Amino acid sequence: MATANPIIATASKHDKLRQLGIISLNGMFDEMDAEGVLRQAVEDLLPGDIAMVSSFGADSAVLLHVVSRVDPSVPVYFLETGKHFPETLEYVEMLKSQLGLTNVIALHPDSTDLKRFDPEGTLWENDPDSCCHIRKTEPLEQVLEGFGGWVTGRKRFQTAERGVLPHFELTSDDRIKVNPLAYFTHADIDAYKVAHGLPDHPLYERGYKSIGCAPCTSAVAEGEDPRAGRWRGRDKRECGIHFDFNGSIAKPVSQSSLTLFKDGAFKADPWRVWADDDVVANVRYAHVPLSVFVENRDGFLASPHPVGLLVNPGEKVEDIAQDLGRFSSIAINFPAFTDGRGYSSARLLRERYGYEGELRAVGDVLTDQIPFMRRCGIDAFVVSSAPTRAALEKDALAEVSRYYQPVGSRAEIPAGTRPFLRRNPN
Ligand code: SF4
């Protein structure tokens, strides 16, 4: 049985993982169900050295149930911010008792910090980022160091970036993230709850589909995004307790700081640009310049981490055509309005080489370019221009309705051509 043992991971455990290799580990347990994956982590890979954080919110019961079946003494940390709904605190007790969890540990904010920075308990009203930092991030950071592995409830269906989420990840600080629910779909979650008689959070039926602290959570309407009720009307999306893509606690994100426009909205961007001191074997969620990838191809192909590609003007995508499956995202650089070479790269990737992952435009991305970029298969835009940002937010971009150069399908008929001169689409 695992015990709450906040000891820094021993070298031998991680040596074992390195020897095994995270890739082969994922291969071996790819077909295994959530319980089998977690059992492997808890009993063999990281005994006594793994924990999870749970919000005991609307989606928490499934993973807690899996944990309870593997080992109910695995430490489960609950951020007791002092601002929860009474129903959430009841739910903690309900799940503890129903699932037999014996090691749920409440993490409280530091009382000196509260006295100093939030003596009235109203910091959330005017500075929610600082409130989350004191009540969530800081208490959690203190226990993070103590474990060699963490169980997360992340799932592939949640975001495009998580579409390749494996069961096991090695973070840049040499910790293991275990994602037992990685392959679960929405339907799987619902079916699991029914099959195991798991209770919903008491507020779920009243329209609270994503549940955090009481002052910052409201019910959502039918069809509304489940997270729309979090910090409603405020320029804030995340609470700061999520692990970022490198394994550390993510910083709070404000809506106005988001520059990636994708699927109709500005959203948090997991990708960054490659830095000169990045190490091929460890880098993750970075767009690697095409020339760097070609030089270090073997190393990137051997790495288990998600990597992207940056294509600068004049670089030949033909050079990496055979490796396109390696990239979860490709960024095409448009350094100037007058430089159109990126459009050709995008079309080659989509049309000739069949690349289906995220294709984003970076650089000098302006309003007038976006409709043409979309026609070439670009589906995400990193935008810094304020007018472009406003146009995207209002969905006020013109579509291209007349064109001289067909793209994608040869069924497109260029404007101005005579019917008998049109190419046969077949
Ligand atoms: S969610 Fe709201 S009340 Fe809770 S810690 Fe963050 S700002 Fe404070």
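All values derive from a computational prediction rather than experimental measurement.
Salt bridge status for Asp110 with Lys115: absent, with no side-chain N to carboxylate O gap under 4.0 Å. Comment: Arg360 engages Glu358 in a salt bridge, judged by a side-chain N to carboxylate O separation of less than 4.0 angstrom. The residues Arg135 and Asp118 are annotated as salt-bridged, a charged nitrogen and a carboxylate oxygen being separated by less than 4.0 angstrom.
Asp278 and Val273 get closest at one heavy-atom pair: OD2-O, 4.4 Å. Scanning all heavy atoms of the two residues, the minimum distance from Ala61 to Leu99 falls at O-CD1, 4.4 Å. Nearest heavy atoms, Thr259 versus Arg389: CA-NH1, 4.2 Å. Closest approach of Leu38 to Val66, counting heavy atoms only: CD2-CG1, 3.9 Å. Listed here is the closest heavy atom pair of Tyr355 and Arg350: O-NH1, 2.7 Å. The nearest pair of heavy atoms linking Leu95 to Pro199 is CD2-CG, 3.9 Å.
With a 4.5 Å cut-off on side-chain heavy atoms, Arg297 and Leu301 count as touching. Between Leu89 and Glu93 there is no side-chain heavy-atom pair separated by less than 4.5 Å. Looking at heavy atoms from C-beta onward, Tyr91 lies in side-chain contact with Met94 at the 4.5 angstrom threshold. Two residues are said to be in side-chain contact when any heavy atoms from C-beta on lie closer than 4.5 Å; His287 and Ser329 meet this criterion. In this structure the side chain of Leu63 reaches within 4.5 angstrom of the side chain of Met52, judged on heavy atoms. The shortest distance between side-chain heavy atoms of Gln369 and Leu366 falls below 4.5 Å. Side-chain contact between Lys136 and Cys213: present, with at least one pair of heavy atoms (C-beta onward) separated by less than 4.5 Å. Contact check for Phe117 versus Asp127: no side-chain heavy atoms found under the 4.5 Å cut-off.
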**Asked** Which is it for Glu169 and Arg154 under the salt bridge (charged side-chain N to carboxylate O under 4.0 Å, His left out) test, yes or no, and what are the steps along the way?
**Response** CA-CA 12 Å; Glu169 296 170 280; Arg154 294 176 303 156; 2.3 Å; yes

**Asked** For Tyr77 and Ser54, what are the C-alpha separation, side-chain angles and deciding distance, and is it a side-chain contact (heavy atoms from CB on, under 4.5 Å)?
**Response** CA-CA 6 Å; Tyr77 286 96; Ser54 178; over 6 Å; no

**Request:** List the steps and the verdict of side-chain contact (heavy atoms from CB on, under 4.5 Å) for Leu290 and Ile320.
**Result:** CA-CA 8 Å; Leu290 191 147; Ile320 46 80; 3.8 Å; yes

**Message:** If you apply the rule side-chain contact (heavy atoms from CB on, under 4.5 Å), what do you find for Leu181 with Tyr183, and how did you get there?
**Reply:** CA-CA 6 Å; Leu181 307 185; Tyr183 293 15; over 6 Å; no

**Intermediate values then yes/no, side-chain contact (heavy atoms from CB on, under 4.5 Å), Ile211 and Phe85** = CA-CA 9 Å; Ile211 302 165; Phe85 289 102; 4.0 Å; yes

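The backbone N or O of Ala286 lies less than 3.5 Å from no partner atom in the side chain of Arg272, so there is not a single donor-acceptor pair. No side-chain donor-acceptor contact under 3.5 Å links Asn179 to the backbone of Thr152. With Thr102 contributing its side chain and Pro72 its backbone, the two residues share a donor-acceptor pair below 3.5 Å. Remark: side-chain polar atoms of Asp49 are paired, donor with acceptor, to backbone N or O of Gly148 under 3.5 angstrom. Between the side chain of Asn333 and the backbone N or O of Val311, no donor-acceptor pair lies under 3.5 Å. Checking side-chain atoms of Glu80 against main-chain N and O of Pro109 turns up no donor-acceptor pair under 3.5 Å. With hydrogens and angles disregarded, a donor-acceptor distance shorter than 3.5 Å links the side chain of Thr185 to the backbone of Asp188. Not a single donor-acceptor pair under 3.5 Å links the side chain of Asn296 to the backbone N or O of Gly299. Judged by distance alone, the side chain of Lys262 and the main-chain N or O of Leu260 form no donor-acceptor pair under 3.5 Å. Between the side chain of Ser60 and the main chain of Gly57, a donor-acceptor pair closer than 3.5 Å is present.
Annotation: Phe293 is in aromatic contact with Phe300 [ring centroid separation under 6.0 Å]. Checked against a 6.0 Å centroid threshold, the rings of Tyr192 and His65 count as neighbours.
Remark: of the listed residues Val53, Ile105, Val104, Val104 is the sole one forming a side chain to side chain contact (heavy atoms under 4.5 Å, CB included) with Val76. Partner of Gln40 under the side chain to side chain contact (heavy atoms under 4.5 Å, CB included) criterion, chosen from Asp44, Val37, Val42: Asp44.
To the nearest 0.5 Å, atom CD of residue Glu125 and atom SG of residue Cys131 are 10.0 Å apart. Put simply, CD1 on Ile134 and CD on Glu138 are 7.0 Å apart, with the number rounded to the nearest 0.5 Å. With rounding to the nearest 0.5 angstrom, the CG atom of Leu101 is 10.0 Å from the CD atom of Gln98. Interatomic distance, Leu349 CG to Ile332 CD1, rounded to the nearest 0.5 Å: 5.5 Å. Within the model, atoms OG of Ser210 and CG of Asp59 stand 7.5 Å from one another, a figure rounded to the nearest 0.5 Å. If you take CZ on Phe381 and CZ on Phe261, they are separated by 8.0 Å, rounding to the nearest 0.5 Å.
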Using distance only, find each side-chain donor-acceptor pair of residues 200-208 under 3.5 Å and give its atom names and separation, not counting sequence neighbours.
from	atom 1	to	atom 2	distance (Å)
Asp200	OD1	Lys193	NZ	3.4
His201	ND1	Leu203	N	3.1
His201	NE2	Thr88	OG1	2.9

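Among residues two or more places apart in sequence or in another chain, the salt bridge (Lys or Arg N to Asp or Glu O under 4.0 Å) test is passed with Arg69 by Glu35.
Within 6.0 Å of atom CG in Asn126, more than 12 heavy atoms from other residues, nucleotides or ligands are found, so the atom counts as buried in its surroundings. For Glu356, the CD atom counts as loosely surrounded, since its 6.0 Å shell holds 12 or fewer non-hydrogen atoms of other residues, nucleotides or ligands.
Relative to the six-membered ring of Phe184, Arg156 misses at least one condition, a distance below 6.0 Å or an angle of at most 45° to the axis.
The closest side-chain donor-acceptor pair between Ser73 and Asn103, if any, does not fall under 3.5 angstrom.
Between Phe334 and Tyr343, the ring-plane angle classifies as perpendicular under the 30° and 60° cut-offs.
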